[in-house]
Amino acid sequence: MLARVITRLGFLARRPWISRFTIDGRAYGGRYDVTHDPRLGHFFRCFPGARRALELGSLEGAHTFALAARVAEVHGIEGRAANLRKARFVQRRLGRRNVTFHQADLETFDPAALGRFDAVFCCGLLYHLPRPWELLARLRRAADGLLLATHYAPADKADEERNGYAGTRYHEFGLKEPLSGLSAESFWPTLDELVRMVRDAGYAAVEVCDDDRSHPHGPLVTLAARV
Ligand SMILES: C[S@@+](CC[C@H](N)C(=O)[O-])C[C@H]1O[C@@H](n2cnc3c(N)ncnc32)[C@H](O)[C@@H]1O
């Protein structure tokens, strides 16, 4: 009873929330429920033996805790302190001990500094970066497997070339927006160029798991990459 009150007051004190969490059978937080997110299904199908996983752009920890329920150890990297404070609060309320959160800017941070991982869960992060090819190259040094879900530029909207990749520039929404990138703009390659970028980073096998061309925020691909 006391635990429930502490949980409820803690969620109230940290409003607003984006993600929904179920703790001791009760739902708290926002409306974004990742329980049946097919990207988690793709991750476990593609990397069934993963024991040490890395999540990028972990927000309030919803995917992190879903991963941690099925692998031995998860590290989540998130750029915003406010998102991390929420994630750590939920971690305490869940009693989840196999998760470690880190605050870092993935535009420059090298995930290999945290050791080797079996696979990376990178959903909703890459399209926030101005130089996505740099993170992909660093990820390759940290893990042999990558589940990547990201928006890409439609081929007829490619009006810019960066580092030899065709795509378009996207304006981010600033540091106060919890879902946004940390820089003022990002770069979205086309799908063919994204796949080339992943291969150039050192992933020899790329499997497209899902390609949602009518997503309201722009075409969204989920792909699994292996060295
Ligand atoms: C669109 S949300 C995606 C959240 C979650 N991964 C998902 O797929 O639902 C993007 C997340 O990445 C974080 N983020 C954006 N740019 C980042 C960066 N350069 N370094 C670290 N985190 C970043 C944001 O703070 C936010 O939590």
Side-chain angles (χ1 to χ4, degrees), residues 14 16-21 29-44 53-68 71 74-91 99-114 117 119-139 142-143 146-152 162 169-188 194 209-210 212 215-224:
R14 292 167 178 80
W17 289 83
I18 293 161
S19 315
R20 169 162 295 240
F21 299 92
R31 304 212 305 210
Y32 179 39
D33 185 354
V34 308
T35 315
H36 302 293
D37 188 335
R39 299 173 298 180
L40 288 166
H42 290 306
F43 180 88
F44 291 117
L54 175 67
E55 195 209 345
L56 305 183
S58 47
L59 188 61
E60 297 163 345
H63 285 114
T64 332
F65 302 127
L67 291 166
V71 306
V74 185
H75 288 251
I77 303 180
E78 167 57 45
R80 286 184 167 77
N83 290 342
L84 279 167
R85 279 195 293 274
K86 292 178 180 176
R88 288 184 175 127
F89 161 73
V90 179
Q91 180 177 15
V99 167
T100 309
F101 290 107
H102 310 266
Q103 184 176 4
D105 181 352
L106 288 160
E107 290 185 24
T108 51
F109 180 73
D110 186 355
L114 302 176
F117 294 89
V120 179
F121 185 82
C122 179
C123 292
L125 181 279
L126 198 78
Y127 64 88
H128 290 302
L129 305 183
R131 296 173 304 283
W133 59 89
E134 290 184 358
L135 177 63
L136 290 170
R138 280 183 256 123
L139 286 184
L146 168 67
L147 196 285
L148 174 67
T150 189
H151 291 296
Y152 62 87
R162 286 195 194 182
R169 164 188 322 221
Y170 186 88
H171 291 283
E172 295 290 327
F173 292 92
L175 289 177
K176 290 205 173 135
E177 161 54 51
L179 295 168
S180 190
L182 301 184
S183 287
E185 52 155 59
S186 52
F187 179 69
W188 295 18
L194 174 70
C209 303
D210 188 36
D212 179 358
H215 191 283
H217 298 154
L220 177 65
V221 70
T222 303
L223 56 83

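Since this is a predicted model, take the numbers as computed values, not measurements. Counting convention: from 1, in listed order, for ligands and their atoms alike. Below, each value reflects all heavy atoms present in this structure, side chains not excepted, and no hydrogens, waters or symmetry copies.
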Counting heavy atoms only, name the option from Glu55, Glu60, His63 that's nearest to atom 7 (C) of ligand 1. His63

Among all protein non-hydrogen atoms, which one is nearest to atom 22 (N) of ligand 1, and what is the separation to 0.1 Å? Gly79 N, 3.0 Å

Nearest heavy-atom pair of Ser186 and Tyr127: which atoms, and what distance? OG-O, 3.0 Å

May I ask you to check if ligand 1 and Gly57 share an N or O to N or O distance below 3.5 Å? yes

On a heavy-atom basis, which atom in Pro130 and which in Phe187 lie closest, and how many Å separate them? O-CB, 3.4 Å

Proximal ligand 1 atoms for Arg39, defined as those under 4.0 Å from one of its heavy atoms: 8 (O)

Do Val90 and Glu60 come close enough that some side-chain heavy atom pair is under 4.5 Å? no

Minimum heavy-atom distance Gln91-Val99, with the two atoms named: NE2-O, 2.7 Å

For ligand 1, which atoms sit closer than 4.0 Å to a heavy atom of Ala104? 20 (N), 21 (C)

Short N or O distance, Leu179 and ligand 1, threshold 3.5 Å exclusive: no

Decide whether an N or O pair under 3.5 Å exists between Leu125 and ligand 1. no

Proximity to ligand 1 by part of Ala62, non-hydrogen separation under 4.0 Å: neither

I'd like to know whether Phe101 forms a ring pair (Phe, Tyr, Trp, His ring centres under 6.0 Å) with Phe65, so could you lay out the CA-CA distance, the side-chain angles of the two residues, the decisive distance to 0.1 Å, and finally the verdict. CA-CA 11 Å; Phe101 290 107; Phe65 302 127; 5.8 Å; yes

Where on Ser180 is there a heavy atom closer than 4.0 Å to ligand 1, on the side chain, on the backbone, on both, or on neither? backbone

Part of Ser183 within contact of ligand 1 (heavy atoms, under 4.0 Å): neither

Looking only at protein heavy atoms, which one is nearest to atom 20 (N) of ligand 1, and what is the separation? Leu106 N, 2.9 Å

Cut-off 3.5 Å, side chains only: do Asp210 and His42 have a donor facing an acceptor? no

What atoms of ligand 1 come within less than 4.0 Å of a heavy atom belonging to Leu129? 19 (N)

Any side-chain heavy-atom pair of Arg85 and Arg14 under 4.5 Å: no

Who's closest to atom 8 (O) of ligand 1 heavy-atom-wise, of Cys123, Pro178, Ser186, Ala149? Cys123

Min side-chain heavy-atom separation Leu146-Cys122 under 4.5 Å: yes

Contact partition for Val34 relative to ligand 1, non-hydrogen atoms under 4.0 Å: neither

Smallest heavy-atom separation, Leu129 atom then Leu135 atom, equals CD1-CD2, 3.6 Å

Which pair of heavy atoms, one from Gln103 and one from Arg80, lies closest together, and at what distance? NE2-C, 4.1 Å

Ligand 1 atoms in contact with Arg80 (distance to a heavy atom under 4.0 Å): 24 (C), 25 (O)

Test of understanding: given a 4.0 Å heavy-atom threshold, classify the contact between Asn83 and ligand 1 as side chain, backbone, both, or neither. side chain

Does any N or O atom in Tyr32 lie less than 3.5 angstrom from one in ligand 1, N or O only? yes

Heavy-atom nearest neighbour in the protein, as seen from atom 10 (C) of ligand 1, with distance rounded to 0.1 Å: Gly124 O, 3.2 Å

What residue among Thr100, Leu56, Val120 forms side chain to side chain contact (heavy atoms under 4.5 Å, CB included) with His75? Thr100

Below 3.5 Å, N or O to N or O, backbone or side chain included: is there any such pair between Tyr127 and ligand 1? no

Using a plain distance cutoff, I'd like to know if Asp105 has any nitrogen or oxygen under 3.5 Å from a nitrogen or oxygen of ligand 1. yes

Any Arg138 side-chain heavy atom under 4.5 Å of Pro111 side chain: yes

How far is atom 25 (O) of ligand 1 from its nearest protein heavy atom, and which residue and atom name does that atom have? Glu78 OE2, 2.6 Å

If we check side chain to side chain contact (heavy atoms under 4.5 Å, CB included) with Pro132, which of these qualifies: Leu106, Thr150, Leu126? Leu126

Looking only at protein heavy atoms, what sits closest to atom 16 (N) of ligand 1 is Gly181 CA, 3.6 Å

Any atom of ligand 1 sitting under 4.0 Å from a heavy atom of Ile77? no

Taking only heavy atoms of Leu59, which atoms of ligand 1 are found under 4.0 Å from at least one of them? 4 (C), 27 (O)

For Arg162 and Glu185, work out which heavy atoms get closest and say how close. NH2-OE2, 2.6 Å

